[in-house]
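This report refers to the structure that appears directly beneath it.
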Amino acid sequence: MSETVPTSWLVYCRPGFESDALAEMQHHAKRHGVSCEPVYGEGWASLTRTDGEPVNDLHRQAAFNQLIFARQSLAALPALALSRDDRLTAILEQIKNSRWSFEEIWHETPDTNDGKALAGLIKALTKPLQSMLKKRGALRGKAGGRRLHVFWTDGDRVQLGMSFPGNRSELLNGIRRLRFPSRAPSRSTLKLEEAWHEFIPREEWDARLGEHMQAADLGAAPGGWTWQLVQRGMYVYAIDNGPMDKQLMQTGQIDHLKEDGFIWEPPQRLDWLVCDIVDKPVRVLAMIERWLTRKWCREAIFNLKLPMKKRWDEVTRCLTTLEDALENAGVRGSITCRHLYHDREEVTVHVRLTN
């Protein structure tokens, strides 16, 4: 039997954002001159090469850390329809024909109620599959850090994907689950915490999120993002006409200024700017551009609220506008954008200036 090759590029995404994930994937495929057929389901999207060639190059060139809407990125084999009487044989045969080897196996599902309902089935199949793959030599100790992803879209339908170190999410289902701190004023606090995990290596937190730094939180009330800054020991200018959480204000680390965040200017260059203002992306972007081109902060994290349709187009336009503004101002820096798990109808952007 001929070798089975991965012809599909499979990503996980937030349910409802499949068309945006596909638009982003198709952008990369077109850029690399690869013709693909799009397919998607609730919480996932894939492109399959129309020429039947392996998708490895496209998957590698579309680096995961540069993708916006993807929670996970895999080189995938054709989807399998399974017999409910014997689900493992077809999986084992496809892995044999692919000649894949890997160091671990992750069973995953779409981020939906139907996906969560498969937990019992997955638990029952995990150990038998692992044992059989060990005996066949596919699951072994040294395999270049490769990971097999068994993506269950239904009880009788599965797609096998491979991920590679440095070009994947290291989180199950690509989801970072954080515990809501009971003392935080609002659940929005989790968005900033997740952004730090996403954009800043953990070993750099003490240097880049250190005590005695100064930050501004535009549109701060009631203080969900300010709370995170205060927990890191920062002094915060909280800019908002609305009321701040009373307990948070008792820390003595906050200067609450009842002013318009769109026009307020800091008294000196700050370490951080954060902003979760609910407004049109073009208006928020103009404000952020002013801060960055005038170097009023060293790093910034902000959200851009998205339209209901053509979100990929809007994000691309915003990021291109920001890149052009920095270049025209002679300001150097890195820009990264992600649709985080704790985001809803927005994306989170991180900018770090280097001059």
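As the structure is a computational prediction, the values presented were derived from the model and not from experiment.
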Who else is in the cluster with F151 when I, L, V, M, F, W and Y are joined by side-chain contacts under 4.5 Å?
L10, Y12, V39, W44, L74
Can you tell whether the side chains of R311 and E345 come within less than 4.0 Å, N to carboxylate O?
yes
Taking the six-membered ring of F180 as reference, does the cationic atom of R187 (NZ for Lys, CZ for Arg) lie under 6.0 Å from its centre and within 45° of its axis?
yes
Assess the residue pair R232 and D206 against the criterion (salt bridge (charged side-chain N to carboxylate O under 4.0 Å, His left out)); give the C-alpha distance rounded to whole Å, side-chain angles, the decisive distance to 0.1 Å, and a yes or no.
CA-CA 9 Å; R232 296 298 305 173; D206 287 343; 3.5 Å; yes
Should we count CD of E327 as having more than 12 external heavy atoms under 6.0 Å?
no
Residue pair H342 / E193, side-chain heavy-atom distance below 4.5 Å
no
Are W100 and L133 connected, step by step, through hydrophobic side chains (Ile, Leu, Val, Met, Phe, Trp, Tyr) whose heavy atoms are closer than 4.5 Å?
yes
Neighbour count above 12 (heavy atom, 6.0 Å) for K96 NZ
no
Common cluster, L326/I301, ILVMFWY with side-chain heavy-atom separation under 4.5 Å:
no
If you apply the rule salt bridge (charged side-chain N to carboxylate O under 4.0 Å, His left out), what do you find for E346 with R344, and how did you get there?
CA-CA 6 Å; E346 68 262 346; R344 294 297 183 264; over 6 Å; no
How long is the straight-line distance from CZ of R298 back to OG1 of T354, given to the nearest 0.5 Å?
12.5 Å
Which value, rounded to the nearest 0.5 Å, describes the distance between S169 atom OG and N65 atom CG?
11.5 Å
Does a side-chain N-to-carboxylate-O contact under 4.0 Å join R87 and D156?
no
Determine, step by step, whether L192 and E194 satisfy the side chain to side chain contact (heavy atoms under 4.5 Å, CB included) criterion, reporting the C-alpha distance in whole Å, the side-chain angles of both residues, the deciding distance to 0.1 Å, and the verdict.
CA-CA 5 Å; L192 184 56; E194 184 183 2; over 6 Å; no
Check for a donor-acceptor pair, side chain of Q72 on one end and backbone N or O of F64 on the other, with a separation under 3.5 Å.
no
Using only atom types and a distance under 3.5 Å, with no angle test, would you say the side chain of S131 pairs donor to acceptor with the backbone of K127?
no
Under 6.0 Å between the ring centres of W312 and H339?
no
Taking the six-membered ring of F199 as reference, does the cationic atom of R338 (NZ for Lys, CZ for Arg) lie under 6.0 Å from its centre and within 45° of its axis?
no
If you measure only the distance, is there a donor-acceptor pair under 3.5 Å linking the side chains of T7 and T48?
no
With no hydrogens and no angle check, is any side-chain donor or acceptor of W152 less than 3.5 Å from a backbone partner on L121?
no
Between R14 (side chain) and Y341 (backbone), is there a donor-acceptor pair under 3.5 Å?
yes
When you measure from the side chain of Q253 to the backbone N and O of M234, does any donor-acceptor pair fall under 3.5 Å?
yes
Worked verdict on W196 versus H350 for ring pair (Phe, Tyr, Trp, His ring centres under 6.0 Å):
CA-CA 9 Å; W196 285 344; H350 170 246; over 10 Å; no
Donor-acceptor contact present, side-chain D111 to main-chain P15, <3.5 Å
no
Is there a side-chain contact between L80 and Q94 in this structure, where contact means two heavy atoms from C-beta onward sitting under 4.5 Å apart?
yes
Identify whether L319 and W291 are in the same connected component of the hydrophobic contact network (ILVMFWY, side-chain heavy atoms under 4.5 Å).
yes
How long is the span from the CD atom in E108 to the NE2 atom in H149, to the nearest 0.5 Å?
5.5 Å
Same cluster for W205 and V236 if Ile/Leu/Val/Met/Phe/Trp/Tyr side chains link at under 4.5 Å?
yes
Within the side chain of R136, is there an N or O that forms a donor-acceptor pair under 3.5 Å with the backbone of A138?
no
Would you tell me whether T189 and Q228 have side-chain atoms, one donor and one acceptor, within less than 3.5 Å of each other?
yes
For P6 and L77, which heavy atoms make the closest approach, and how far apart are they?
N-CD2, 3.6 Å
Looking only at heavy atoms, which two atoms of A221 and P243 are closest? And how far apart?
CB-O, 3.3 Å
Keeping the roles fixed (side chain from D217, backbone from T226), state whether a donor-acceptor pair exists under 3.5 Å.
yes
Set out, in order, the CA-CA distance, both residues' side-chain angles and the distance that settles salt bridge (charged side-chain N to carboxylate O under 4.0 Å, His left out) for E103 and R140, then state yes or no.
CA-CA 5 Å; E103 295 182 6; R140 59 188 197 217; over 6 Å; no
Do M162 and L92 sit in one hydrophobic cluster, given that two such residues count as connected whenever their side-chain heavy atoms are within less than 4.5 Å of each other, even indirectly?
yes
Test F69 against V11 for side chain to side chain contact (heavy atoms under 4.5 Å, CB included), laying out the working first.
CA-CA 9 Å; F69 292 102; V11 307; over 6 Å; no
For the CG atom of L340 and the CZ atom of R71, what is their distance to the nearest 0.5 Å?
9.5 Å
Where do L67 and A70 come nearest, in terms of heavy atoms and distance?
CD1-CB, 3.8 Å
Nearest heavy-atom pair of C297 and A300: which atoms, and what distance?
SG-CB, 4.2 Å
One should read off an interatomic distance between L22 CG and C13 SG, to the nearest 0.5 angstrom, of 8.0 Å
Taking side chain to side chain contact (heavy atoms under 4.5 Å, CB included) as the definition, give me every residue that meets it alongside D260, ordered by chain and number, with sequence neighbours left out.
F262, I263
Cation-pi check, R147 to W106: give yes when NZ or CZ is under 6.0 Å from the six-membered ring centre and within 45° of the ring axis, no otherwise.
yes
Assess the residue pair Y237 and L218 against the criterion (side chain to side chain contact (heavy atoms under 4.5 Å, CB included)); give the C-alpha distance rounded to whole Å, side-chain angles, the decisive distance to 0.1 Å, and a yes or no.
CA-CA 8 Å; Y237 293 98; L218 306 183; over 6 Å; no
What one should report as the nearest heavy-atom pair of T293 and V331 is O-CG2, 3.8 Å
If we count only N and O atoms by modelled type, under 3.5 Å, do the side chains of Q268 and Q214 hold a donor and an acceptor together?
yes
Does V34 offer a backbone N or O that forms a donor-acceptor pair with the side chain of R49 under 3.5 Å?
no
Would you please say whether a donor-acceptor pair under 3.5 Å links the side chains of D276 and S188?
no
D86, CG: over 12 other non-hydrogen atoms inside 6.0 angstrom
yes
Taking 4.0 angstrom as the limit, do E204 and R202 come out as a salt bridge?
no
Answer yes or no: is there a donor N or O on one side and an acceptor on the other, between the side chain of D245 and the main chain of R183, under 3.5 Å?
no
Separation of K142 NZ from S101 OG (nearest 0.5 Å):
13.5 Å
Tell me, yes or no, whether the heavy-atom count around K123 atom NZ, taken from other residues, nucleotides or ligands under 6.0 Å, exceeds 12.
no
Using the side chain to side chain contact (heavy atoms under 4.5 Å, CB included) rule, take T316 and I68 through it: C-alpha gap first, then chi angles, then the decisive distance, then the call.
CA-CA 10 Å; T316 302; I68 296 171; 5.9 Å; no
Smallest separation among heavy atoms of R269 and L353, with atom names:
NH2-CD1, 3.9 Å
Assess whether salt bridge (charged side-chain N to carboxylate O under 4.0 Å, His left out) is satisfied between E104 and R146, documenting all intermediate values.
CA-CA 7 Å; E104 57 182 342; R146 294 185 297 273; over 6 Å; no
